[in-house]
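Remember, it's 1-based here, ligands and their atoms both numbered in the order they're listed. Bear in mind the structure is a predicted one, so any value in this text is a computation, not a measurement. Only heavy atoms go into these numbers, but all of them, side chains included; no hydrogens, no water, no symmetry mates.
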Amino acid sequence: MDNNDLSVLRHSAAHLAAQAIKELFPKTKLTIGPATKDGFFYDVLPERNFKEEDLVAIEERMRELSKKNYPIEHQEISKEEARKIFSDNPFKMELIDQIPGDTVGLSVQGDFKDLCRGGHVASTGDIKHFKLLGISGSYWRADRSGQPLQRIHGTAFLTAQDLEDFEKRQEELLQHDHRRLGKQLDYFSFHEDAAGFPFFHPKGQRVLLALKNYMRTLHDKYNYKEIATPTVLDAELWKRYGHYDHYKDNMYFSQIDERTYAIKPMNCPGSFLVYKQRPRSYRELPLKLAEFGHVHRYELSGVLHGLLRVRAFTIDDTHIYCTLDQLEQEILTTLELAYQMLEKCGFTDVSLALSTKPESAMGSDEQWQKATDALENALKKLGKPYTIQEGEGAFYGPKIEIVIKDAMGREWQTGTVQVDFFQAENFDLTYVNSEGKQERPVIIHTALYGSLERFFAILLEHYKGHLPFWLAPVQVRILTITDDQKEYAQNLLETLKKEGIRAELDRSSDKITSKVKSAQLAKIPWMFIIGNKEVDAGTVSIRYADGKQEFGLNVDDLIKKAKELS
Ligand SMILES: [Zn+2]
Ligand SMILES: [Zn+2]
């Protein structure tokens with residue numbers, strides 16, 4: 001059995017789902033039902049909106065239809081005949097019109113007929129190991145000004161074991177889903193009043209701040225300067241940048257003083273305007289401007305997914321303005337910085353891919369050669385493995401993509417390092433070289449976390465909610481065994497806070513066991529347990545998140561250790 005068998009099976013399962021839907025809800029209009037990488041979907045216009053509980057009935061009916069073991073037959077019929085069969089379904093009628101030639105394919109199982117070019121299993125009884133997974137929103141032809149539809153997702157496997165493995169994995173992923181953890185730990189929420197825009201609560205915001213502040217320390221070390229540019233800028237900037245032509249449907253606009261402004265979907269033009277604000281000399285290069293830019297991008301509601309896919313997010317964007325000769329060093333430094341950050345965040349399985357010159361590209365061959373050499377030399381000097389994606393670069397320059405693997409073996413592309421020969425010309429950015437002549441800088445666009453919100457989600461799932469000490473919003477919780485230790489605990493709290501450690505005191509009158517339980521649920525890395533013994537000796541006992549314990553520790557030593565971990 002190969003992948004092809006699997007996608008034939010999954011596509012057949014989509015027909016089975018459609019048959020079940022039509023039997024239960026005859027007025028539903030079917031559209032298309034392809035196999036996907038992980039399963040299948042069917043997009044439908046329902047007679048009333050489907051809810052999750054409808055999936056149970058649909059799946060049940062699919063099982064009955066599977067048991068009936070209808071042969072799945074393929075016929076080629078005339079378009080005229082097809083138009084009669086599908087006359088009450090405008091979507092199928094549109095598809096029939098678009099298929100070249102005079103005939104179309106018809107798939108028949110029992111008394112269910114679907115328009116299809118074929119590629120199915122022999123009978124419905126061959127589809128045994130399947131599961132419906134959910135409902136989301138979609139649009140006819142993915143055109144969001146068009147007809148909204150509902151998408152029924154499912155998956156199917158060739159063996160019962162494969163389905164069981166899939167379900168186990170789904171269960172594990174669900175357990176550590178960042179949306180669930182975010183709610184459980186009181187980190188963030190989503191609201192109907194701003195669909196797709198995350199609301200960060202104090203603890204979640206604290207994590208984002210820790211990520212930003214850590215990046216700031218790296219920026220200081222590597223001579224970046226931080227800027228902040230407006231969220232709302234003249235739409236002309238994106239027309240000039242080229243973003244507007246391709247992505248205007250994903251942008252938000254506003255009218256101000258009869259001018260059309262756009263809410264920034266990217267930070268680049270803001271940085272360019274800062275660069276351009278005064279003449280630049282070669283002595284200033286490389287000039288590295290960093291910005292935690294909050295950008296807005298319209299996404300279809302059907303693709304929104306917790307913090308992984310949102311309508312507003314923060315990019316740790318930098319723009320490095322340099323000469324072609326400085327490129328190699330700048331790329332190397334950027335990659336070193338990226339590796340340091342990823343290691344600190346607990347990602348050690350990192351891969352790099354260099355994308356080279358595509359067929360149609362701007363800039364001279366010589367420029368490209370020099371830039372690609374610079375990138376490759378930097379990669380070699382870095383000494384980490386990398387692959388080359390021949391011809392996959394953007395038309396305006398080569399790039400390096402950073403992909404990390406998480407604890408559950410999933411790969412995430414997080415960082416990008418993009419060389420750009422185009423925008424300096426386009427936005428007329430110059431510097432004066434050592435001979436007093438004007439030249440164009442090369443621009444390197446980098447984002448290493450990528451989206452901070454998305455990176456936060458990846459971290460939460462990677463650590464199954466147990467963020468490392470330096471990222472944890474509350475690092476230490478002090479628990480007293482009885483009220484007798486309250487004063488000692490209060491003094492200890494103040495000492496820790498003075499030292500910049502994020503600590504809190506459990507002031508409840510609960511028993512110590514339930515205090516410990518509540519700190520565990522909050523996934524706090526360190527619990528300081530204070531009883532009379534500790535008060536008398538001026539020490540603390542510690543219980544770590546993993547259950548390990550140490551007794552009678554010196555407070556100053558612990559503060560030192562906490563600082564090392566931060
Ligand atoms: Zn088919
Ligand atoms: Zn940029």
Subject >> Among the N, O or S atoms of H445, the one nearest the Zn ion (ligand 2) >> reply: ND1
**OP:** Restricting to N/O/S, name the atom of H319 that gets closest to the Zn ion (ligand 2).
**Re:** NE2
Subject >> Worked check of side-chain contact (heavy atoms from CB on, under 4.5 Å) between E392 and T356 >> reply: CA-CA 6 Å; E392 301 267 299; T356 61; over 6 Å; no
Subject >> R240 NZ/CZ over F427 ring centroid, <6.0 Å and within 45° of normal >> reply: yes
Original post:
When you draw lines from the Zn ion (ligand 1) to NE2 of H15 and to NE2 of H11, what angle lies between them, to the nearest 10°?
Top reply: 110°
Subject >> Pair K239 + D245, salt bridge at N-O below 4.0 Å >> reply: no
Original post:
Is the CD atom of Q98 crowded by more than 12 outside heavy atoms at less than 6.0 Å?
Top reply: yes
